[in-house]
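The shown structure was predicted, so the numbers you read here are calculated from the model rather than taken from an experiment. When a ligand or atom number is given, it counts from 1 through the structure's own listing order.
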Amino acid sequence: MKKYNVLVIGSGGREHAIALKLSTSTLLDRLFVVPGNPGTASFAENLPGNVLDFGNIAGIIREKSVDIVVVGPEDPLVHGLRDYLEAAGILENVLFVGPGKSGARLEGSKDFAKGFMRRHGIPTAAYRTFSMEDREDAIAFMKTLDAPYVLKADGLAAGKGVLILDSIGEAVSALDEIFAGKFGHAGDKVVIEQYLKGIEVSFFAITDGHGYVLLPEAKDYKRAMDGDTGLNTGGMGAVSPVPFVTPDFRKKVEDRIIRPTIKGLEEEGTDYRGFIFFGLMDCAGDPYVIEYNVRMGDPETEAVMSRVGSDLLAHLVAAARGDVSGEEVSVLPCTALTGIVVSGGYPQAYGKGYAIDGIEACASKAAVFHSGTAFRDGRTVTAGGRVLAVTVTSGTLAAARELLYSALPDIKFENSYYRSDIGADMLKLSDK
Ligand code: AMP
Ligand code: GLY
């Protein structure tokens, strides 16, 4: 049986969870992570480097005889890592999980993603795209919509490029700020769209460009504070499965969204092999696409991977080779819950370098993924806003919540904070 040397690219909790799952594969030979984190260091070989230093990544692939590259974050994909390695001749005998620049526009350009959905009849909010010269038209278009107003900077804006405003006055001011450079060139074009009312859920597919397999779905808790209040964050927690995802809803998602998306990519000549993350809104039982991402979600991955019973490496090898038809994802019948411990102040200014205690105690009850930590002077310290992702699994959502909230208090560092209501809103929907 062929064994694979695997290179995972990234440094967060998502990459930790992906790498940990890959580490259990019988197909694995050696596992490298660039740059990785103190968590991945315990079971994989961390190698230094920036995820956008393509030359360094190419060097590592050659030097370590890497067989397959798995990219965690969107940045290297949107900036063309796949295209770079292809042009260097490296992908002739190395597999690669993630789209090239062309496919990565699904995430890298909101205008492209909306146009793609329009071309392929994929349900999404009504919209128009404007640039600075069309300011008056943009305002006129906003006036045809009902409040609240949704404004999206076209390009990548570190997850901050979506603004939702309650009044037309605030929306016009926000539009002017974006055109004035609030998000740099990412805001050269602005998508203005209809507000969708409903409840959000994320689906994840691994595609070979023709077919796909689905990973378990998840729901992310984006707001900083309990009760979905406070500022938007990268995600404060996640739950999988999502109780309102019935077989009927899943079928609608596959028929109306996932299959048309993959067929659309194929029709447009985009050879897309990798993850697709469908950020959806369930509007009274009908799914609409809010956004595409060309990678897994963080913290959704930390919950999702703990419910995958089959061999992730086998699925990724098949997708990268171009044929997932023989793959079957087995989903464990448990509930996974992830809570993020953040550094107080996040998502605004926060301190770094605080010594972290209690990781071992917490790890006796839960999986502890490193999101923003560093190893300094023999200690693990905080190095980011989202510091640790704590994941538990249990037979029921109620039991998972109990376990999560017995594990989270073990983590101790100055000014730490976590939400106390992860999964609570799903309890009433869950029959478990
Ligand atoms: P994004 O950065 O695209 O994930 O958007 C951030 C958040 O804004 C989403 O997770 C939704 O909660 C919200 N959002 C984006 N587009 C819409 C929309 N058309 N209607 C309602 N909420 C939206
Ligand atoms: N948690 C949302 C994301 O990864 O985009």
Exercise. Short N/O distance, under 3.5 Å, between Asp298 and ligand 2?
Worked result: yes

Exercise. Does at least one non-hydrogen atom of Lys197 fall below 4.0 angstrom from an atom of ligand 1?
Worked result: no

For this session: Keeping the roles fixed (side chain from Asn46, backbone from Gly36), state whether a donor-acceptor pair exists under 3.5 Å.
Result: no

For this session: Only heavy atoms count here, so choose which of Glu200, Glu291, Met296, Arg295 is nearest to atom 3 (C) of ligand 2.
Result: Arg295

For this session: Please determine if Gln194 has a nitrogen or oxygen closer than 3.5 Å to a nitrogen or oxygen of ligand 1.
Result: yes

Exercise. Should the pair Phe277 and Phe204 be assigned to parallel (<30°), tilted (30 to 60°) or perpendicular (>60°) ring geometry?
Worked result: perpendicular

Problem set entry | Tyr195 six-ring face occupied by Lys197 cation (under 6.0 Å, within 45°) | no

Problem set entry | Audit row: Phe275, His315, ring-ring contact (aromatic ring centres under 6.0 Å, His included) steps and yes/no | CA-CA 11 Å; Phe275 295 106; His315 303 326; over 10 Å; no

For this session: Using a 4.0 Å heavy-atom threshold (strictly under), name the region of Leu196 that reaches ligand 1: side chain, backbone, both or neither.
Result: both

Problem set entry | Atoms in ligand 1 flagged as close to Met281, the criterion being non-hydrogen separation under 4.0 Å | 21 (C), 22 (N)

For this session: Could you check atom 2 (C) of ligand 2 against the protein and tell me its nearest heavy-atom contact, residue, atom and distance included?
Result: Asp220 OD2, 3.2 Å

For this session: Is it possible for you to check whether Arg259 lies under 6.0 Å from the centre of the six-membered ring of Phe278, through NZ or CZ, and within 45° of that ring's axis?
Result: no

